[in-house]
Amino acid sequence: MTLDAFSASGQKNSRDHINILLKPNKGMASYFIRRVEEGLSEEHRVFKIKFPDKAAPLFPNYCVPLAGAIDYYRASRNCVFLPSRSTSGNSPAGKSDC
């Protein structure tokens with residue numbers, strides 16, 4: 001199963017991006033980095049960040065490392081992060097260069 005054909009949940013992905021479903025917890029940033037690195041290893045540069053419909057509150061200790069990783073991958077690895085319905089336009093995940 002390759003990342004270009006399937007999303008993080010194993011569902012067929014008909015777009016040219018990788019879906020990353022983030023569950024708010026202390027391992028969220030590490031999981032995000034692992035998923036982006038997997039995508040980069042298969043030459044993907046476009047990712048969509050999603051949160052579960054009933055996600056737990058997002059606290060700074062979850063968001064700051066995630067925002068730092070997003071900034072790093074945008075600046076250093078030329079990645080694009082697409083917004084989803086579960087991300088707001090004011091969050092690091094919701095800001096897009098597209």
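On a predicted model such as this, the values are computed, not experimentally measured, just so you know.
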Problem set entry | Contacts of R77 that satisfy side-chain contact (heavy atoms from CB on, under 4.5 Å) - sequence neighbours left out |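 R77 satisfies side-chain contact (heavy atoms from CB on, under 4.5 Å) with E37, L40, Y72, Y73, C79 once adjacent residues are dropped.
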
Exercise. To the nearest 0.5 Å, what is the distance between CD1 (I49) and NE2 (H17)?
Worked result: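 Reported to 0.5 Å precision, the distance equals 11.0 Å.
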
Exercise. Between CG of N19 and NZ of K48, what distance do you get to the nearest 0.5 Å?
Worked result: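 Between N19 CG and K48 NZ, I get 6.5 Å after rounding to 0.5 Å.
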
Which atom pairs, one a donor and one an acceptor, fall under 3.5 Å between side chains of residues 20-29 and the rest of the protein, sequence neighbours left out?
residue: N25; atom: OD1; partner: G27; partner atom: N; Å: 2.9
residue: N25; atom: OD1; partner: M28; partner atom: N; Å: 3.1
residue: N25; atom: ND2; partner: K23; partner atom: O; Å: 3.4

Problem set entry | Closest non-hydrogen atom pair between N78 and R45, with its separation |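 What the structure gives for the nearest pair is O-CD, 3.7 Å.
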
Exercise. Any chain of hydrophobic side-chain contacts (each under 4.5 Å) joining V64 to Y62?
Worked result: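 Different clusters: V64 never reaches Y62 through Ile, Leu, Val, Met, Phe, Trp or Tyr contacts under 4.5 Å.
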
For this session: Please name all residues satisfying ring-ring contact (aromatic ring centres under 6.0 Å, His included) with F32, sequence neighbours left out, ordered by chain then number.
Result: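 Scan of F32 (ring-ring contact (aromatic ring centres under 6.0 Å, His included), adjacent residues dropped) gives F81.
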
Problem set entry | V80/F47 under side chain to side chain contact (heavy atoms under 4.5 Å, CB included): CA gap, chis, key distance, verdict | CA-CA 6 Å; V80 175; F47 302 88; over 6 Å; no

For this session: For the residue pair V46 and D16, establish whether any side-chain heavy-atom pair is separated by less than 4.5 Å.
Result: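 V46 does not reach D16 side chain to side chain.
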
